[in-house]
Number of protein chains: 2
Amino acid sequence: MPELLDLHGRTNKAIRAALDAALQRHGLRLGQDHLLAALWERDGRTPGEVAAVARVSTPAVTKLAARMADAGLLTRRRDDRDNRLVRLWLTDAGRALRGPVEAERRRIEERITADLTPAEREILLTALAKVHRSAADLPGGDPIGEPS
Amino acid sequence: MPELLDLHGRTNKAIRAALDAALQRHGLRLGQDHLLAALWERDGRTPGEVAAVARVSTPAVTKLAARMADAGLLTRRRDDRDNRLVRLWLTDAGRALRGPVEAERRRIEERITADLTPAEREILLTALAKVHRSAADLPGGDPIGEPS
DNA sequence: GACTGATCGTTAACCGGTTAACGTTCGGCG
DNA sequence: CGCCGAACGTTAACCGGTTAACGATCAGTC
């Protein structure tokens, strides 16, 4: 069992679980913070735009947005000028989550890198960037990025 | 958006996608290789045992095993002595996949670490191990490992 | 020997994510 | 003006994964 593959997978699983638990304390689930982040950056984006910046498929955004609209975090409204577009607008509740959620993410980032020396932290980031590039270049490595 | 959190997540996504594409060429899907690995190591394990070594929940193994049984990779048989136990037995097809699948994992591991210097590779592993430990110690960081 | 509690696998109901098929709407072009 | 293709969001059908509820079996105890 290849080392990096296994270690990286287990690490990601632990991170995801911890992050999910943290988000859940604010009534959110795992991918929803990325969707919100896209709207915090610019409100009124379309599902397609959100999907692009969140690096997720458009159907994923559709479903997320539906659940989050039910939860009262955002509203969906058709664009007046182009009627096939849908625009996602934050509610006050959705806007109010920005501070707490960003703090939560920072907190986890800190805890996770707490035991690393400055040198380790730096090399970890550069090495991970290389690995990411290599993986994305593999066949099927970036389905949404470059499918053709 | 915290650096490591984001980078690690994107990297994992790319790795998973590439690995899934590779496994798919052998008629497998993402988690199924771990289940097979547990049986390659010792055939006739129970779902609970497999779940433990694969670090997955037992229901996950149940569903995986059902699909893989349909695909003819293994068979499910009750234990004669303890009738609440179920034992998973590899078929010839399941056994035959060991070489190709392990090679596929090694291949991806190599490609992914190809651009790393020996020093980077070493520090990446040690740093990732630290991160994993820290993440697992976070509340909710290891649901199956230490829920209490 | 019967009850009672622990152990184990399965099922159901979720969640996030993907691809493929679908229905609308827009825009260019004849 | 009408058509036809491109763009967009939604839906459906999967997949892997989780937790909670369920049912069956075993084992210890009275």
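Order of the sequence lines fixes the chain letters, A, B, ..., with proteins taken first and strands second; residue numbering starts at 1 for each chain.
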Interface polar pairs with nucleotides 21-28 of chain D, N/O, under 3.5 angstrom:
residue : atom : partner : partner atom : Å
D:dC26  : OP1  : B:Asn83 : N            : 2.7

In whole Å, what is the span from the [atom1] atom of [X] to the [atom2] atom of [N]?
X       : N      : atom1 : atom2 : result
B:Leu35 : D:dG16 : CG    : P     : 10 Å
B:Asp20 : D:dC14 : CG    : C1'   : 12 Å
A:Ile15 : D:dT18 : CD1   : P     : 16 Å
A:Leu64 : C:dC15 : CG    : C1'   : 9 Å

Quiz item: Should A:Asp33 and A:Arg105 count as an ion pair when the cut-off is N to O under 4.0 Å?
Solution: yes
Does [N] have OP1 or OP2 sitting under 4.0 Å from an N or O in the side chain of [X]?
X       : N      : answer
A:Arg76 : D:dT10 : yes
B:Thr62 : C:dT11 : no
B:Ser57 : D:dT18 : yes
B:Arg29 : D:dG16 : no

Paired with A:Arg107, the side-chain hydrogen bond (donor to acceptor under 3.5 Å, both in side chains) test is passed by just one of A:Glu110, A:Glu104, A:Glu109, namely A:Glu104
Among D:dT10, C:dT18, D:dG16, the one nearest any side-chain atom of B:Lys13 is C:dT18
Pick base, sugar-phosphate or nothing for B:Val56, based on heavy-atom distances below 4.0 Å to the nucleic acid. sugar-phosphate
**Prompt:** Looking at C:dG17, does its base get a donor-acceptor pair with the side chain of A:Lys63 below 3.5 Å?
**Reply:** yes
